[in-house]
Amino acid sequence: MSDIILTTNNLTKKYNHTLALDNINLNIERGRMYGFIGQNGAGKTTLIRLIVGLSFPTSGELYLFGKTGKQALQEQRKRIGCMVETPALYPNMTAVQNLEVQRIQRGIPDRHVIRETLELVGLDDYLTGRKAVRNFSLGMRQRLGIAIALLHDPELLILDEPINGLDPMGIAEMRILLKRLNAERGTTILISSHILNELYQTVSQYILINQGVLIEELTQSQLNEKCKRHIALQTNHVENALLALENRLHIKDYQVMPDGTIKLYDHLDDMEGISSTLMKEGVLITGMTMAGDTLESYFLHRIGGEKHALSH
Ligand SMILES: Nc1ncnc2c1ncn2[C@@H]1O[C@H](COP(=O)(O)OP(=O)(O)OP(=O)(O)O)[C@@H](O)[C@H]1O
């Protein structure tokens, strides 16, 4: 049975004349990892700020762990940990000292949580012992920011652009950390990013947003399916074409689209063989192209064309 821990009903946020979020309807299920993808200005931070209570909606409703209403939401937010953009850290303190400040501020009695959390995010003594945070790499700072968000063992972890500025190694480390958290603690994770590629294989669900509008929700396997390389084949007779492909070339991995286009997922390097076989069987080919999106081109396509260049 699915356990929905966050729901938005027509959640809308206006800033004067800017419609930052336009009737967002969303469900977040416990235990999953969500990627919240949109270009700069799409509305990701605005939604996160509404969820964590840093800002309030113009209209619509927010439910956290089944509860709504100002006071109830504030209570439920204790079950959330978040890092919005760069974490606020004391640069002259060590990682342990930074966490100690947070622990006291939040009234967490158990001192052991500091070591446990540092270990969990991979900032052990060897790396951070006496080092002041001002000497940390960006990746280490992000880890420490996540440690702060995790100190009270939240059920939902929300990270706004945690991979921003990280190098490929840093991104890979972040991926391992988040997957571990999700697997070991069952933490539900929501991460925003403006680059689909960065979250690929980190999250299991993708939520695409553009200009405040929720464009599409899809799973990792749906995304893979949509981006899969294939030959797109158009013919004058779909049934005869399929018979020829199956019987003569033994092609089994294909899909017929509603407009009659046949997507072939094998024999990708045999376009000539396919066309000569179909010709011999009297099938006229009206179109044959190699297709398949990269993640980025799929995303651009979904948000309305190449004119939206992604900013990096
Ligand atoms: N405090 C504010 N006052 C006025 N407009 C705002 C405010 N905050 C955000 N906006 C506008 O709302 C829209 C959504 O912004 P938001 O920061 O949520 O986008 P984003 O997807 O998080 O982008 P980024 O990746 O740049 O952080 C933008 O048009 C932005 O200019």
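Quick note: numbers below take in every heavy atom, side chains included, and nothing from hydrogens, waters or symmetry partners. Each ligand, and each atom within it, is numbered from 1 in the order the structure gives.
The side-chain contact (heavy atoms from CB on, under 4.5 Å) test applied to Arg229 returns Leu268, Met290, not counting sequence neighbours. Scored by the salt bridge (Lys or Arg N to Asp or Glu O under 4.0 Å) test, Asp270 finds no partners at all (sequence neighbours excluded).
Polar contact check, His194 against ligand 1: no nitrogen or oxygen pair lies under 3.5 Å apart. Distances between N or O atoms of Ala20 and those of ligand 1 include no value under 3.5 Å. For ligand 1, the polar-atom distance check finds no N/O of Thr18 at less than 3.5 Å from any of the ligand's N/O atoms.
Atom CZ of Arg248 is surrounded by 12 or fewer heavy atoms from other residues, nucleotides or ligands within 6.0 Å.
Between the side chains of Tyr265 and Gln255, a donor-acceptor pair is found at a separation under 3.5 Å.
A side chain to side chain contact (heavy atoms under 4.5 Å, CB included) with His267 is found for exactly one of Asp253, Leu249, Leu245, namely Leu249.
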Take Tyr254 and Glu246, measure what side chain to side chain donor-acceptor pair (under 3.5 Å) needs, and give me the verdict at the end.
-> CA-CA 10 Å; Tyr254 65 81; Glu246 285 200 11; 2.4 Å; yes

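Heavy-atom separations between Gly38 and ligand 1 are all 4.0 Å or longer.
Close approach to Asn40 involves these atoms of ligand 1, each under 4.0 Å from a residue heavy atom: 23 (O), 24 (P), 25 (O), 26 (O). The distance from ligand 1 to the heavy atoms of Thr46 drops below 4.0 Å at these ligand atoms: 14 (C), 15 (O), 16 (P), 18 (O). If you number the atoms of ligand 1 from 1 as listed, the ones under 4.0 Å from a heavy atom of Glu161 come out as 25 (O).
At a heavy-atom cutoff of 4.0 Å, ligand 1 is contacted by the backbone of Gln39 but not by its side chain.
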